[in-house]
Student: 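For reference, the structure I am asking about is given below.
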There are 2 protein chains.
Amino acid sequence: MELDTAKGMKDIPPEEKILQQGVMDSIRRIFERYGFAPLETPAVERWDVLSAKYAGGAEILKETFKLKDQGGRELGLRYDLTVPLARFVGMNPNLKTPFKRYQIEKVFRDGPIKLGRCREFWQCDADIVGSQKMIADAEVINLILDVFKEIGLKVMVKVNNRKLLNAILSYAGIKREKMEEAIIIIDKLEKIGAEEVGKELEKTEISKESVKKLIWALQLQTLEDMKEIIGGCDGIDELEELFSYVKGKNVFFDATLARGLSYYTGTIFEAFLKDSEITSSVAGGGRYDDLIGNFIGGKRVMPAVGTSFGLNVIMCALKGKERKTNTRVYVIPIGNVKWGLKTAEKLRELGVNADFDLSDRGVTKNLAYASSFEIPYAALVGEKEMKLKKIKIRDMKTGKERLLGIESAARAVKK
Amino acid sequence: MELDTAKGMKDIPPEEKILQQGVMDSIRRIFERYGFAPLETPAVERWDVLSAKYAGGAEILKETFKLKDQGGRELGLRYDLTVPLARFVGMNPNLKTPFKRYQIEKVFRDGPIKLGRCREFWQCDADIVGSQKMIADAEVINLILDVFKEIGLKVMVKVNNRKLLNAILSYAGIKREKMEEAIIIIDKLEKIGAEEVGKELEKTEISKESVKKLIWALQLQTLEDMKEIIGGCDGIDELEELFSYVKGKNVFFDATLARGLSYYTGTIFEAFLKDSEITSSVAGGGRYDDLIGNFIGGKRVMPAVGTSFGLNVIMCALKGKERKTNTRVYVIPIGNVKWGLKTAEKLRELGVNADFDLSDRGVTKNLAYASSFEIPYAALVGEKEMKLKKIKIRDMKTGKERLLGIESAARAVKK
């Protein structure tokens, strides 16, 4: 046996996990603040569900882990949380809408391992199913803004609309059947620049003329300019309504934002860090009015809009903010192990995260142990302290010690 | 495509998930109160790790989901959190001990589907690695007591010791090579009774005489009696020390407690609900001083003691305590959709979980929607309210309405 994790999978040791849990708690808190309800679905799904026509598509299926159960049933590990949501909606026809659900769970992709890209990773999704109104799109964008405020990261959100993108492509003379391909190329604008995108577009037999017109129109900065050049359209109307609802100054129209996924039907958006070297988006999403309806057989119309947070990128942005422990105080008994136990018990009853010597070691070794975990306080309890019904609280950073009653001690070591 | 979950797997819809999250939060809170640190390991492990000699064993391997990645590497879905812990300890030789870690994650078993038994389920584990002292065993038992206090369930904990069990088996004249088999049979005492256990033991070629002696000794109620009959032994010494540390009156010695798993080496314990029809244990665990050391190749001695909480059984015990929503107030704009948005925004800024009409519906439909989710309050905002800078708060149960300023409203709807 080789003592290792599976390729592309990794452990999250305590100091990283503490930070990650803090971030996930923040996300969850704001999801609930906005009225989203939690849903859990299994990591393992039926293969026919994952590979259904309107599910994730051929590309993602190549990266999907496949397995069988003992009965020979074909199964797979989910690659996203959207297909499980569509399945859940389909299986629950009496669901009250709008159905606002969030899901913070792991997904799996057996893909190439780029830097920081894992084959098992967390997704944090929030979706509103059953409203076609722009206020729902605004709700999701405002949610993104508040999540990052809670986490303590400055972001800006770029917004566009697939209907507008289609209108621009029409305006440039690009035919309907070429549009999807063109959108995937436009999506690279930020990364590879206008010139390269132009070259790639020309390769797809779109005329030089069209490419020129397209690139020019994409670089228009405002909805007003857009309206003037390409004329009014649903996409512009929707964006105007949307912008009347979103809060703050950090939401911008960006005609070049395309997002690769083909299932979007209207609003699309992506959040990026401000003042950061990280250029990947930290959240993204959009409106997908057809996906769920198609997925469940076209019997019901099920408009939806949602977002997904990139926990890995967020964790990169928070590098250096790790904390080694949630423990506030480490109790060291001097002489009798029970004194440590009793003191820890009392502190815990008062709501303090307290640990104590479980190895019957000397004071020096115990202090070194507490110090290695960066526990902020030590509590020393010997015969004298037990008689006085006090404990000696040591600030591990300054070395300063104080003799305190249990309740004062609890207050002193709490954050 | 059949719109269904995989066999033996199920969705956890919001109302059940809200309760489950509350329970998991309680467990996590107490784990951290006791100084345990969170660890995350992947759901997918290398097959050679899962099937290693000192891992879960042949029986559990039969129920393990097997898969391959694109590179043809053999992998499996983990069946517990103990093997990943052992692997993690092995891969991190500089880990400071005692290493107190907790892990709340899903595990997978492709086994027969009994009532309420899923092929994918949560495990909540807390383990102390690197202390062979009885105070560590006590810490884990006290942890169990405090977790259930936090959840609000009354439990009792039965405690035994494998060394004592072995001594009892010796006393009854049962040979070393028969002991493991005998322990697995003794484990059924509670379920099938002394007579049936006797019969099963006789089938294994243990003499009638031995069986009689064994059953008799197992029914001794106190450590004092035990010492008198079978003589002193390490197991009794350890139990006596352990009982001097555990708190409360709900921890009992029970010589018949055996626990099936073969890896336990000392203390074993199981928690059961008091005043409940549910007879399955809600938590269990024990000391396993050899498992990790053996698993990582015998280069280091790694004593350990830990516990696992049965989230499914706990959820059964809490049946009827589900809550449909975490939302406190549903905002209904009368006339202008933006009034709803603004009001919800302000309430959220004041820390209130607030939702609002995203479908531009009438008041009656909106009230019915709020009512169907059992949201405790509605906030009605029309032109009059906007002018007065007030909102009308309606108690959804009593129908009573009050006109309040935003801050009073926030206070009124918060729990």
Side-chain angles (χ1 to χ4, degrees), chain A residues 1-7 9 11-14 17-18 21 32-33 35 37-46 48-49 52 65 67 69-70 73 75 87-88 90-91 96 98 106 110 120 128 131 133 135-136 139 245 247 296 325-327 337 341 345 348 353-355 358-360 369 372, chain B residues 1-7 9 11-14 17-18 21 32-33 35 37-46 48-49 52 65 67 69-70 73 75 87-88 90-91 96 98 101 106 110 120 128 131 133 135-136 139 245 296 325-327 337 341 345 348 353-355 358-360 369 372:
Chain A
M1 167 188 65
E2 198 178 321
L3 211 57
D4 203 355
T5 52
K7 192 175 163 82
M9 316 255 179
D11 296 323
I12 303 185
K17 184 71 190 169
I18 289 170
Q21 266 183 352
E32 297 194 346
R33 188 78 42 85
L39 171 70
E40 180 184 316
T41 66
V44 180
E45 290 274 356
R46 294 168 59 102
D48 60 353
V49 165
F65 285 102
L67 61 155
D69 73 1
Q70 290 198 0
R73 294 172 194 89
L75 308 168
R87 179 188 52 66
F88 180 80
M91 286 172 67
K96 286 272 180 305
K106 282 183 177 176
D110 187 12
E120 175 173 337
I128 301 170
S131 167
K133 306 278 180 190
I135 192 101
E139 176 86 337
Y245 300 138
K247 62 178 184 183
I296 63 182
T325 187
N326 282 322
T327 301
V337 72
L341 175 67
E345 261 174 26
R348 288 167 181 169
N353 291 354
D355 199 1
L358 297 173
S359 307
D360 208 359
Y369 177 83
S372 74
Chain B
M1 167 189 64
E2 197 178 324
L3 212 57
D4 203 354
T5 51
K7 191 175 165 81
M9 316 256 179
D11 296 323
I12 303 186
K17 183 71 189 169
I18 288 170
Q21 266 184 353
E32 298 194 347
R33 188 78 44 84
L39 170 70
E40 180 184 317
T41 64
V44 180
E45 291 275 355
R46 295 168 58 102
D48 60 353
V49 165
F65 285 103
L67 61 157
D69 73 1
Q70 289 198 1
R73 294 173 195 87
L75 308 169
R87 179 187 54 64
F88 180 81
M91 285 172 68
K96 287 271 181 305
R101 86 87 179 79
K106 282 181 178 176
D110 187 12
E120 176 174 336
I128 302 171
S131 167
K133 306 277 179 190
I135 191 101
E139 176 88 337
Y245 300 138
I296 63 182
T325 187
N326 282 321
T327 301
V337 72
L341 176 66
E345 261 173 26
R348 288 167 181 169
N353 290 355
D355 199 0
L358 296 173
S359 307
D360 208 359
Y369 177 82
S372 75

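The structure displayed is predicted, hence computed values, not measured ones. Residue numbering restarts at 1 for every chain, and letters A, B, ... go by the order of the sequence lines.
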Student: What distance separates B/T327 OG1 from A/R33 CZ, expressed to the nearest 0.5 Å?
Tutor: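 B/T327 atom OG1 to A/R33 atom CZ measures 11.5 Å (nearest 0.5 Å).
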
Student: Let's test your reading of the structure: which of B/L67, B/T325, B/T41, B/L3 forms the most heavy-atom pairs below 4.5 Å with chain A?
Tutor: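 Option with the top pair count is B/L3.
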
Student: Where do B/Y245 and A/E345 come nearest, in terms of heavy atoms and distance?
Tutor: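 For B/Y245 versus A/E345, the nearest heavy atoms are O-OE2, 4.3 Å.
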
Student: What residue in A/P98, A/A136, A/S372, A/A6 has the most heavy-atom pairs under 4.5 Å with chain B?
Tutor: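 It is A/P98.
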
Student: Which value, rounded to the nearest 0.5 Å, describes the distance between B/T5 atom OG1 and A/R46 atom CZ?
Tutor: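 Rounded to the nearest 0.5 Å, the OG1-CZ separation comes out at 8.5 Å.
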
Student: Taking B/P38, B/S131, B/A43, B/A52 one by one, which has the highest count of heavy-atom pairs under 4.5 Å against chain A?
Tutor: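 Top count of heavy-atom pairs under 4.5 Å with chain A: B/P38.
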
Student: With rounding to the nearest 0.5 angstrom, report the CD to CD distance, B/E120 to A/E40.
Tutor: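 The CD atom of A/E40 is 7.0 Å from CD of B/E120, to the nearest 0.5 Å.
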
Student: Using the side chain to side chain contact (heavy atoms under 4.5 Å, CB included) rule, take B/L341 and A/K247 through it: C-alpha gap first, then chi angles, then the decisive distance, then the call.
Tutor: CA-CA 10 Å; B/L341 176 66; A/K247 62 178 184 183; over 6 Å; no

Student: By a 4.5 Å heavy-atom criterion (distance strictly below it), what part of A/R87 contacts chain B: side chain, backbone, both, or neither?
Tutor: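 For A/R87, the contact with chain B is made by backbone and side chain together.
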
Student: Which pair of non-hydrogen atoms, one from B/V49 and one from A/E2, has the smallest distance, and what is that distance?
Tutor: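 So the minimum-distance heavy-atom pair works out to CG2-O, 3.5 Å.
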
Student: With a 4.5 Å cut-off on heavy-atom pairs, point out which of A/L39, A/D48, A/D110 contacts chain B the most.
Tutor: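 Heavy-atom pair counts peak at A/D110.
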
Student: CG/B/L75 to NZ/A/K7 distance, rounded to the nearest 0.5 angstrom?
Tutor: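 Rounded to the nearest 0.5 Å, the CG-NZ separation comes to 11.5 Å.
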
Student: Which heavy atom of B/P42 sits nearest to which heavy atom of A/K106, and what is that distance?
Tutor: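 Answer, listing the atom of B/P42 first, then A/K106: CA-NZ, 4.1 Å.
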
Student: So which residue, A/V337, A/N326, A/D69, ends up with the most heavy-atom pairs under 4.5 Å with chain B?
Tutor: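 So the answer, after comparing A/V337, A/N326, A/D69, is A/D69.
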
Student: Enter the distance from B/K133:NZ to A/L358:CG here, rounded to the nearest 0.5 Å.
Tutor: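 One gets 11.0 Å once the value is rounded to the nearest 0.5 Å.
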
Student: Answer yes when B/E139 and A/R348 have at least one side-chain N-carboxylate O distance shorter than 4.0 Å, and no when they do not.
Tutor: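 A/R348 and B/E139: salt-bridged.
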
Student: What distance do B/E32 atom CD and A/Q21 atom CD have between them, rounded to the nearest 0.5 Å?
Tutor: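 CD of A/Q21 is found 6.0 Å from CD of B/E32.
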
Student: Nearest heavy-atom pair of A/D11 and B/M91: which atoms, and what distance?
Tutor: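 Looking at all heavy atoms of both residues, the closest pair is OD2-SD, 4.5 Å.
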
